[in-house]
There are 2 protein chains.
Amino acid sequence: MSGNPTMNDVAREANVALKTVSRYVNGETNIGAPLATRIQEAIDALGYRRNLAAASIRPGRTSRMLGLIIGDLSNPYYSTIAGAIESTASDHGYLLTIGSSDEDGRRHDQLVDRLMEQRVDGLIIVPPTGAARDWSKLPPPIPALVFLDRPVDFDQADAVVADNAGGARLATAALAERGGRRIAFVGDSLDISTMRERLAGYRTALIEHGVREDPELVVTDAHRSVDAAVAIRRLLNERAIDGIFAANNRAAVGALMAFRDSGARVPLIGFDDFEAATLSTPAVSVVSHDITLMGEAAAEIVFARLSGDTSARRTHVLPATLVLRGSEDG
Amino acid sequence: MSGNPTMNDVAREANVALKTVSRYVNGETNIGAPLATRIQEAIDALGYRRNLAAASIRPGRTSRMLGLIIGDLSNPYYSTIAGAIESTASDHGYLLTIGSSDEDGRRHDQLVDRLMEQRVDGLIIVPPTGAARDWSKLPPPIPALVFLDRPVDFDQADAVVADNAGGARLATAALAERGGRRIAFVGDSLDISTMRERLAGYRTALIEHGVREDPELVVTDAHRSVDAAVAIRRLLNERAIDGIFAANNRAAVGALMAFRDSGARVPLIGFDDFEAATLSTPAVSVVSHDITLMGEAAAEIVFARLSGDTSARRTHVLPATLVLRGSEDG
DNA sequence: TTGTAGGCGTTATCAT
DNA sequence: ATGATAACGCCTACAA
């Protein structure tokens with residue numbers, strides 16, 4: 001046996017015309033019972049399976065596939081997004097093809113090209129931290145395109161982002177309202193746009209509460225949990241901080257490590273929920289932006305565009321909410 | 001403009017033959033410099049992108065796509081597997097299409113059909129808990145097929161599984177060696193094959209240490225963490241247990257909840273690592289089977305088969321290791 | 001209800 | 001080095 005059986009093989013086996021097999025396979029009703037039986041028997045005998053790739057190249061036919069590019073599928077943050085998108089895609093009868101950019105601009109661009117060449121009907125992208133493709137010079141037509149989680153300066157696409165500044169402001173304000181005057185900001189590099197927004201929200205809250213910002217209390221190089229832990233131990237020992245806004249969940253985990261190691265503890269609020277948050281004592285309060293909702297929203301926007309929604313592209317900002325669990329009181 | 005530009009459009013624009021464009025796009029070397037320039041200009045002008053779906057229908061050509069079916073992409077356990085497979089696939093220039101079965105047999109079967117019709121070159125499957133497709137009557141040819149994490153009775157496919165029994169035996173033995181004589185088994189339904197294997201390992205260890213099994217100490221209906229917590233609180237209060245083997249990480253989290261709520265604590269070892277394990281005090285010891293390694297192994301097997309490895313299909317059993325962190329001493 | 005002819009975008013064959 | 005022509009597997013006209 002050389003390759004996979006084709007419709008033609010089935011037609012020959014069943015002594016019918018190719019088109020009749022096509023009709024049968026596609027569930028069209030106008031087929032005589034005897035022929036239908038013969039065709040099904042031929043299909044079973046040959047182990048025929050239709051070739052959707054071949055079908056999809058016909059004009060008017062689509063691949064019924066969505067593409068998703070994220071940083072790293074192993075990261076629970078991204079996989080939650082991916083899961084929400086996959087689930088929504090599945091509801092619409094779509095398959096999801098996923099690529100991880102590892103936050104690398106080149107890899108990201110390769111994935112964009114590959115997925116477009118694969119003719120996905122829609123593309124959802126979490127842009128990498130580093131410089132990526134200049135979207136403005138990407139020639140149309142591009143499929144339904146949605147940027148997720150991070151804003152991109154390209155008005156031909158929709159975007160779904162969380163209210164990072166608003167959430168950071170909520171958290172910092174909660175700490176200030178409980179008397180915090182030396183509240184630390186602990187986060188990752190400001191090359192990451194979400195970090196810049198969260199720092200801006202932190203500053204807004206400080207200003208609103210009449211607190212002068214102390215640059216010594218702002219840490220923006222905590223890439224891993226242990227980095228954050230080291231920085232926070234130092235802040236606790238040398239800077240007399242009385243509150244911590246942990247700008248991502250790695251920073252929050254780092255704070256827990258620092259508390260454990262140093263025996264000291266100050267009020268703490270994190271950004272983005274994490275599994276250990278409810279298990280520690282007291283439980284860690286966090287700003288939660290619902291990434292599941294973000295993923296679903298992005299997918300639904302794609303499907304809206306696919307079904308003809310031509311309204312102006314826009315950026316959808318999803319609210320961030322403060323989940324207080326106790327750690328904000330120290 | 002009607003559709004996407006095609007090779008034909010490029011050929012007309014550049015005043016060359018179709019085949020010459022094909023050669024250029026596919027990086028064949030035997031092309032004159034002047035034509036190459038004209039073709040590239042035409043490509044840029046038209047915004048041409050090749051259609052891999054169309055290319056893949058030619059005989060001998062493949063889709064360079066892998067399919068993966070798991071329970072739920074939002075679940076960190078599965079997404080870790082998915083991430084490892086995606087990473088390996090990416091190294092081989094392959095894209096990964098993922099579907100979640102939600103542990104539903106029907107949905108699982110649909111995904112198998114869909115991915116096969118999409119002509120993925122290889123298929124990696126975590127079979128759902130419930131009854132799934134009868135693989136034995138699936139007509140060949142099937143793409144390179146690997147079952148992951150759970151054994152399936154089908155000798156036409158490879159399988160990669162963890163040593164569940166061995167790991168459970170290690171954990172239970174560690175508890176018994178520390179004096180445990182009333183060691184509880186807390187896990188999910190025995191409909192799940194891994195649970196059966198872990199229970200078997202638990203029993204083996206008890207026998208080896210001369211401990212008579214007490215059926216009252218075996219819980220096999222803890223589906224969620226809270227279920228496990230409730231059961232464990234009861235065991236602590238009414239059954240005087242002196243050790244807990246938590247047969248999955250939800251059960252381990254449940255144990256932590258029960259300890260917190262009841263104030264009591266006994267030696268504990270879990271199965272499968274989880275983020276909170278190292279943050280609690282004492283840190284939770286676990287049997288760890290490296291699911292990243294499992295995913296990589298599965299993908300590498302697929303690629304080996306794709307490149308012509310025709311050796312007998314086999315089941316690869318990956319070792320489970322005991323990671324002691326303190327909780328085994330109570 | 002069934003069949004015939006043609007084309008989708010690409011690559012392969014075989015010429016020039 | 002370049003090109004004309006025929007597939008690939010399927011579907012959409014348009015007959016019969």
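Numbered from 1 within each chain, the chains take letters A, B, ... in sequence-line order. Scope of the values below: all heavy atoms of this structure, side chains included, with no hydrogens, waters or symmetry mates.
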Legend entry - Start and end of chain B contact along DNA chain C [non-hydrogen atoms, under 4.0 Å]: C/dG9 to C/dA12

Inset, instruction - List in chain and number order the residues that pass ring-ring contact (aromatic ring centres under 6.0 Å, His included) with B/His316, two or more places apart in sequence or in another chain; answer none if no residue qualifies. - result: none

Legend entry - Summary of side chain to side chain donor-acceptor pair (under 3.5 Å) pairs that have at least one residue in residues 60-82 of chain A, sequence neighbours excluded: A/Thr62-A/Asp121, A/Ser63-A/Asp121, A/Asp72-A/Ser74, A/Tyr77-A/Asp149, A/Tyr77-A/His289, A/Tyr78-A/Glu103, A/Tyr78-A/Arg150, A/Ser79-B/Ser79

Inset, instruction - Rounding to 10 degrees, work out the angle separating the end axes of the helix from C/dT1-D/dA16 to C/dT16-D/dA1 (five pairs an end). - result: 30°

Enumerate donor-acceptor pairs with a distance under 3.5 Å from any side-chain N or O in residues 50-58 of chain B to protein atoms, sequence neighbours excluded.
| from | atom 1 | to | atom 2 | distance (Å) |
| --- | --- | --- | --- | --- |
| B/Arg50 | NH1 | A/Glu117 | OE1 | 3.2 |
| B/Arg50 | NH1 | A/Glu117 | OE2 | 3.3 |
| B/Asn51 | OD1 | B/Ala53 | N | 3.0 |
| B/Asn51 | OD1 | B/Ala54 | N | 3.0 |
| B/Ser56 | OG | B/Ala53 | O | 2.9 |

Legend entry - Residue list, salt bridge (Lys or Arg N to Asp or Glu O under 4.0 Å) with A/Asp290, at least two apart or on another chain: none

Inset, instruction - Would you kindly say whether A/Glu296 and A/Thr88 are connected by a side-chain donor-acceptor distance under 3.5 Å? - result: no

Legend entry - Qualifying ring pair (Phe, Tyr, Trp, His ring centres under 6.0 Å) pairs with a residue from residues 11-42 of chain A, counting only residues at least two apart or across chains: none

Inset, instruction - Give every residue pair that meets the ring pair (Phe, Tyr, Trp, His ring centres under 6.0 Å) criterion with at least one member in residues 83-106 of chain A, sequence neighbours excluded. - result: A/His92-A/Phe303, A/Tyr94-A/Phe303

Inset, instruction - Would you mind building the protein contact string for nucleotides 5-16 of chain D? One character per nucleotide, 5' to 3', B for base within reach (heavy atoms under 4.0 Å), S for sugar-phosphate only, - for untouched. - result: --BBBBBB----

Inset, instruction - Not counting sequence neighbours, which residues clear side-chain hydrogen bond (donor to acceptor under 3.5 Å, both in side chains) with B/Ser87? List them please. - result: none

Inset, instruction - Indicate whether OP1 or OP2 belonging to D/dG3 is found under 4.0 Å from a side-chain N or O atom of B/Thr20. - result: yes

Legend entry - salt bridge (charged side-chain N to carboxylate O under 4.0 Å, His left out) pairs, two or more places apart, involving residues 12-28 of chain B: B/Asp9-B/Arg12

Legend entry - Sequence neighbours excluded - salt bridge (charged side-chain N to carboxylate O under 4.0 Å, His left out) pairs with any residue from residues 298-313 of chain A: A/Asp158-A/Arg305, A/Arg305-A/Asp309

